[in-house]
Amino acid sequence: MKASTGSAPGLDKGTDLLTGFEDVVVRPRSDMPIWQQIYDHILGLIESNFLTPGSQLPGENHMAEKLGVTRITLRRALQQLQREGHLTARKGVGIFVRSLPSVFTVRDDRPFLENFNAGGKKVVTQTLVLCRETAATTAARKLALGDDEEIIRLCRIRSADGHPLYVNTKIFPASRFPDFESVYLRQQSVTDVFRAYGITKYHRHETRVSGGFASPDEADMLKLTPGTPVFRVNAINHDEQSRPIEWTLGCWPLTSVEFVF
């Protein structure tokens, strides 16, 4: 019952997405459970481009009704497609076909927006936290500080066309940037802060990218379903004298970005 993966037109604006779920027969089979049949059908619609990148699926109630199954059965298929990265759930909005990923090129001395190709989407920065506190052991080690030294903690969300795509926490040695807050808040630019303190060149000392699943807090900030696949970034920037000036911990939805080094 898998949909044909041959050529098929994408859905034009105004086309009823439910047409992809009409006249589909699912029934108990000894070789394939019902949820697997639904999974295959939706995957076929995606692979044939009937469901195009970025398009929103119909509501669960409507899909379940068209397919003649319970929402529990349907949800199992949808969750498997989300785990594999074919679909993305946005909390409170709906379920979408994976969009083509934006590209983030890891380069030294460049502001985020110069490294990030959002494919024409409008990127907005929201500052969630900007505070000073005593360095925890891990932060002190990453930035070569004493345990009782002060750090600056900055938490932000980047969104593209209104959709959250990146949340991060940056830690800076407070002694290097005594007036960090006033400089940063002019344009929410860390690069401006660096330049204000004579740091015109800096480089990535280390960048680690690992895979995982969104925690409840990450999912809430990124408007994802908890357990959605994500990339986690752990990076340290050094100045020209090889002194650590920034430690970043970031989280991207797996389907939203492609890293280029």
Looking at every non-hydrogen atom in both residues, tell me the closest pair between [X] and [Y] and how far apart they are.
| X | Y | answer |
| --- | --- | --- |
| L87 | V97 | CD2-CA, 3.9 Å |
| G146 | A140 | O-CB, 3.9 Å |
| S175 | E149 | OG-OE1, 4.5 Å |
| F180 | Y197 | N-OH, 4.0 Å |
| L145 | E150 | CD1-O, 4.4 Å |
| P164 | S159 | CA-OG, 3.5 Å |

So, do [X] and [Y] sit near enough that their side-chain heavy atoms are less than 4.5 Å apart?
| X | Y | answer |
| --- | --- | --- |
| T169 | L154 | no |
| V190 | K170 | yes |
| T248 | N168 | yes |
| E181 | L130 | yes |
| I42 | H86 | no |
| Q126 | V124 | no |
| Q82 | I95 | yes |
| I245 | Y202 | yes |

Point to revise | Test: E206 and R204 ion pair at under 4.0 Å | key: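 Salt bridge between E206 and R204, a charged N being under 4.0 Å from a carboxylate O: no.
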Check your understanding: Can we say E240 and K201 salt-bridge, meaning some charged N sits less than 4.0 Å from an Asp/Glu carboxylate O?
Key ->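 No, no charged N to carboxylate O under 4.0 Å.
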Is it true that [Y] and [X] share a donor-acceptor pair across their side chains at a distance under 3.5 Å?
| X | Y | value |
| --- | --- | --- |
| R158 | T125 | yes |
| W247 | N237 | no |
| S182 | D179 | yes |
| T127 | Q188 | yes |

Point to revise | Ring centres under 6.0 angstrom apart (Y184, F177) | key: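 Not close enough - the centres of the two rings lie 6.0 Å or further apart.
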Check your understanding: According to a 4.5 Å side-chain heavy-atom criterion applied to Ile, Leu, Val, Met, Phe, Trp and Tyr, with indirect links allowed, do L67 and I46 form part of one hydrophobic cluster?
Key ->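 Same hydrophobic cluster.
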Review point. Does V209 share a hydrophobic cluster with Y166, counting links as ILVMFWY side-chain heavy atoms below 4.5 Å and allowing steps through other members?
Key: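 Same cluster: V209 reaches Y166 through Ile, Leu, Val, Met, Phe, Trp or Tyr contacts under 4.5 Å.
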Where the side chain of [X] meets the backbone of [Y], is there a donor-acceptor pair that is under 3.5 Å apart?
| X | Y | value |
| --- | --- | --- |
| T228 | L224 | no |
| E218 | W252 | no |
| R243 | A144 | no |
| T52 | N49 | no |

Check your understanding: What orientation do H238 and H203 show, parallel under 30°, tilted 30 to 60°, or perpendicular over 60°?
Key ->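 Perpendicular, since the angle between the ring planes exceeds 60°.
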Contacts under 3.5 angstrom, residues 72-79 side chains, donor-acceptor by atom type, not counting sequence neighbours:
| unit_1 | atom_1 | unit_2 | atom_2 | d |
| --- | --- | --- | --- | --- |
| T73 | OG1 | T70 | OG1 | 3.0 |
| R75 | NE | E60 | OE1 | 3.2 |
| R75 | NE | E60 | OE2 | 3.4 |
| R75 | NH2 | E60 | OE1 | 2.6 |

